[in-house]
Amino acid sequence: MKQNILKYLSVFSFYFAFDFTYQILFSIPFSQRMLEAAGIKDIFATEVQNPILILIWFLIMTFAIVKLVVEPAVEHKSVKAAYWKGMILGVVSYATLGFANGWSLAGYPLALVMEVTLEGFLFAPAAAAFTTWWILRSSK
């Protein structure tokens, strides 16, 4: 039971810290510049909806990373498997968001579709590989 809680806390903490830092340092300013250049204004939720939905997103991704990636990778004792399966999960998740925005929002910049998809190559595999490595290391 304790290891299950630690798996979820590890994935959530690492994933949230990595993603949040990236968003603040790069993605939000980049997105704002791209959207302003495209003439798209005021499309981001800024009220209570934003933090609630962000938290739900992180909880869903944490659950998916643990169940679909970390647990099988720990069973096979493979950080490499965690990284690659995490990348598949991340790219599918983020590309779904990016491409849906691209085809449904008039004038949505292609650069943002690609940037959001790129995020899928970063966060889920990093959180999955780190947590798998940590669990395997601590179980020795």
Side-chain angles (χ1 to χ4, degrees):
M1 177 70 165
K2 182 181 174 184
Q3 189 178 35
N4 274 338
I5 292 169
L6 291 175
K7 278 189 283 196
Y8 286 99
L9 286 175
S10 174
V11 168
F12 183 86
S13 300
F14 186 91
Y15 185 72
F16 182 83
F18 188 29
D19 193 337
F20 185 79
T21 302
Y22 176 85
Q23 296 302 323
I24 296 300
L25 294 177
F26 177 75
S27 185
I28 292 172
F30 178 75
S31 296
Q32 288 173 338
R33 284 192 311 274
M34 292 290 103
L35 292 170
E36 285 176 16
I40 301 172
K41 297 180 182 189
D42 300 324
I43 66 165
F44 289 114
T46 56
E47 302 301 321
V48 72
Q49 169 187 353
N50 186 285
I52 290 170
L53 293 178
I54 288 173
L55 177 60
I56 292 169
W57 165 266
F58 280 108
L59 292 173
I60 291 168
M61 285 300 292
T62 296
F63 180 77
I65 292 167
V66 169
K67 287 298 186 186
L68 299 175
V69 180
V70 172
E71 288 180 353
V74 167
E75 187 177 307
H76 290 87
K77 296 181 172 131
S78 176
V79 175
K80 185 177 178 180
Y83 180 82
W84 288 109
K85 288 181 181 183
M87 185 179 299
I88 292 168
L89 176 63
V91 169
V92 167
S93 301
Y94 281 81
T96 299
L97 169 65
F99 280 80
N101 287 342
W103 76 57
S104 59
L105 299 173
Y108 195 81
L110 185 58
L112 284 182
V113 172
M114 295 300 111
E115 190 274 329
V116 169
T117 301
L118 173 66
E119 292 177 17
F121 284 96
L122 301 174
F123 310 127
F130 172 79
T131 300
T132 300
W133 169 82
W134 175 70
I135 290 169
L136 292 174
R137 183 174 176 258
S138 64
S139 66
K140 289 182 180 180

ask   = Does F12 reach the side chain of K7, with side-chain heavy atoms less than 4.5 Å apart?
value = no

Shortest non-hydrogen contact between P29 and L25, atoms and distance = CG-O, 4.2 Å

A127 to Y15 - nearest heavy-atom pair and separation = CB-CB, 3.9 Å

task = Evaluate the side-chain proximity of W84 to S78: yes if any heavy-atom separation is below 4.5 Å, no if none is.
result = no

ask   = What are the two closest non-hydrogen atoms of W57 and S93, and how far apart are they?
value = CH2-CB, 4.1 Å

request  = Might you confirm whether atom CZ of F121 has over 12 heavy atoms from other residues, nucleotides or ligands at distances under 6.0 Å?
outcome  = no

task = Examine F63 and I54 and state if one hydrophobic cluster contains both, with Ile, Leu, Val, Met, Phe, Trp and Tyr joined whenever side-chain heavy atoms are less than 4.5 Å apart.
result = yes

key: K67 vs Y8 side-chain heavy atoms within contact, under 4.5 Å   = yes

remark   = When rounded to the nearest 0.5 Å, the distance separating OG1 of T132 from CD of E75 is 12.0 Å

OG on S13 to CZ on F58, rounded to 0.5 Å = 11.0 Å

ask   = Any chain of hydrophobic side-chain contacts (each under 4.5 Å) joining M61 to I88?
value = no

query = Is any side-chain heavy atom of F99 closer than 4.5 Å to a side-chain heavy atom of V116?
reply = no

Heavy-atom pair with the smallest gap, counting every atom of A128 and G86 = CB-CA, 4.4 Å

remark   = Between the OG1 atom in T117 and the CE atom in M114, the distance rounded to the nearest 0.5 Å is 5.0 Å

key: Residue pair F14 / W134, side-chain heavy-atom distance below 4.5 Å   = no

query = What are the two closest non-hydrogen atoms of A129 and V79, and how far apart are they?
reply = O-CG1, 3.8 Å

query = Knowing that exactly one of F26, F18, F20 qualifies, which makes a ring pair (Phe, Tyr, Trp, His ring centres under 6.0 Å) with Y22?
reply = F26

inquiry  = Rounded at 0.5 Å granularity, tell me how far CG in N101 sits from OG1 in T96.
reply    = 11.0 Å

Heavy-atom pair of closest approach, residues P72 and V69 = CD-O, 3.4 Å

query = Short question: side chain of S139, backbone of L136 - any donor-acceptor pair under 3.5 Å?
reply = yes

request  = Please round to the nearest 0.5 Å and tell me the distance separating atom NZ of K85 and atom CE of M87.
outcome  = 14.0 Å

key: Cluster link V92 to I60, ILVMFWY, side chain under 4.5 Å   = no

ask   = Between V70 and I65, is any pair of side-chain heavy atoms under 4.5 Å apart?
value = yes

inquiry  = Is the shortest side-chain heavy-atom distance between P109 and I40 below 4.5 Å?
reply    = yes

inquiry  = To the nearest 0.5 Å, what is the distance between CD on E115 and OG on S27?
reply    = 3.5 Å

ask   = Given the rule that I, L, V, M, F, W and Y join up when any side-chain heavy atoms are under 4.5 Å apart, are Y94 and L105 in one cluster?
value = yes

ask   = Yes or no on side-chain contact (heavy atoms from CB on, under 4.5 Å) for N4 and E71, after CA distance, side-chain angles and deciding distance?
value = CA-CA 10 Å; N4 274 338; E71 288 180 353; 3.9 Å; yes

